[in-house]
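Contents: one structure, followed by commentary.
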Amino acid sequence: MHSKPTVLIAAPNLATCLQLERAFKQSNYNVVTTHHEAELSKQIQHCVQRACVFILHYQYYQNLAQPLRHSQPLLLLVDSASAELIDTLPNPTSDFVLSQAAPIEIVTRLEILLRRRRQAAPSNLAQPNSPMTASYQALALTGAEHALLELLAQHPNTVLSKEYLCSHGLQRTYTPGERSIDVHISRIRQKLTDALGQPSPIKSVRNRGYIYSPQHEPINKPTHK
């Protein structure tokens with residue numbers, strides 16, 4: 001049994017803070033909240049001395065005078081517009097979630113992030129016989145990006161639907177019309193292109209989903225779920 005860290009929640013909306021505080025306390029977390037941006041730096045300085053994780057509104061994160069430590073777990077709350085503006089999350093133990101998500105979903109997303117952080121053992125992405133080569137290990141992937149890339153690599157030349165990627169990669173239910181999968185995949189593809197110096201092996205298949213095709217083989221397999 002892992003002891004649960006203290007969670008610092010900071011968002012401009014008081015109701016959001018109170019709802020998240022209630023949800024995390026129901027899940028047996030110690031919680032510190034603030035909806036005043038002026039108080040945030042002091043709260044962070046206090047929390048970094050302990051085993052804390054941070055749930056920050058994207059607006060507050062952008063305005064931080066001092067960046068968080070590279071190893072500090074961080075979940076950013078973003079609106080649908082801001083989600084497409086986040087170029088690079090600060091470290092591999094960070095992720096983002098829509099601020100409109102239900103509190104219990106935000107609790108679940110943080111727990112997934114913490115579980116991935118604990119599971120630091122090498123994954124399929126780092127194995128010599130994996131379809132992923134050593135070049136991929138240099139990518140600064142977020143937890144969600146790593147999960148999606150690994151899932152795609154485990155099903156080469158097979159179209160995976162957004163519903164499947166969301167369910168098996170992000171561990172949550174896909175909402176028709178949402179763009180979180182597209183945003184994550186877009187960033188992964190850009191990082192792969194930059195790292196490999198060639199087009200990304202992840203391709204979009206119109207109205208079906210995404211496919212990982214390292215040899216750029218013809219798409220001849222059915223959509224997976």
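Keep in mind that this is a model prediction, so the values were computed, not measured.
Under the 3.5 Å distance criterion, the side-chain polar atoms of Arg189 are left unmatched by any main-chain donor or acceptor of Ser200. When atom types are taken as modelled, the side chain of Thr108 and the backbone of Ile104 share a donor-acceptor pair closer than 3.5 angstrom.
The six-membered or imidazole ring of His155 lies away from that of Tyr210, with a centre-to-centre distance of 6.0 Å or more.
No continuous path of ILVMFWY side-chain contacts below 4.5 Å connects Leu18 to Leu77, so the two sit in separate hydrophobic clusters.
No option in Leu56, Leu75, Leu76 other than Leu76 meets the side-chain contact (heavy atoms from CB on, under 4.5 Å) test with Phe96. Across His184, Arg187, Lys191, a single residue satisfies side-chain hydrogen bond (donor to acceptor under 3.5 Å, both in side chains) together with Glu145, and that is Lys191.
Here the straight-line distance linking atom CG of Leu74 with atom SG of Cys52 works out to 12.5 Å at 0.5 Å rounding.
Contact annotation: the side chain of Tyr164 approaches that of Leu151 to within less than 4.5 Å [non-hydrogen atoms, C-beta and beyond]. At a threshold of 4.5 Å between non-hydrogen side-chain atoms, the residues Leu170 and Ile112 do not count as touching. Considering only heavy atoms from C-beta on, Pro5 comes within 4.5 Å of Leu114 through its side chain. The shortest side-chain heavy-atom distance between Ile185 and Leu152 falls under the 4.5 Å cut-off. Between Leu110 and Val97 there is no side-chain heavy-atom pair separated by less than 4.5 Å. Residues Leu192 and Pro201 meet the side-chain proximity criterion, which asks for heavy atoms closer than 4.5 Å.
Every residue meeting the salt bridge (charged side-chain N to carboxylate O under 4.0 Å, His left out) condition with Glu178, not counting sequence neighbours, appears here in chain and number order: Arg172.
Gln100 and Asp79 make their closest contact through OE1-CA, 4.1 Å (heavy atoms, listed as atom of the first residue, atom of the second, distance). Across all their heavy atoms, Tyr60 and Pro12 have their closest contact at OH-CA, 3.1 Å. Between Ala144 and Asp95, the closest heavy-atom pair is CB-OD2, 3.2 Å.
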TODO: Run the numbers on Glu111 and Lys4 for side-chain contact (heavy atoms from CB on, under 4.5 Å), then give the verdict.
DONE: CA-CA 10 Å; Glu111 291 183 337; Lys4 293 190 174 183; 3.7 Å; yes

What pairs of donor and acceptor atoms, side-chain ones from residues 30-37 against any protein atom, are under 3.5 angstrom apart with sequence neighbours left out?
unit_1: Thr34; atom_1: OG1; unit_2: His36; atom_2: N; d: 3.2
unit_1: Thr34; atom_1: OG1; unit_2: His36; atom_2: O; d: 3.3
unit_1: Thr34; atom_1: OG1; unit_2: Glu39; atom_2: OE1; d: 3.0
unit_1: Glu37; atom_1: OE2; unit_2: Asn63; atom_2: ND2; d: 3.0

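Each salt bridge (charged side-chain N to carboxylate O under 4.0 Å, His left out) pair with one or both residues in residues 7-17, not counting sequence neighbours, would appear here, but there are none.
Using the six-membered ring where Trp is involved, Phe24 and Tyr29 have ring planes that are perpendicular, over 60° apart on the 30 and 60° scheme.
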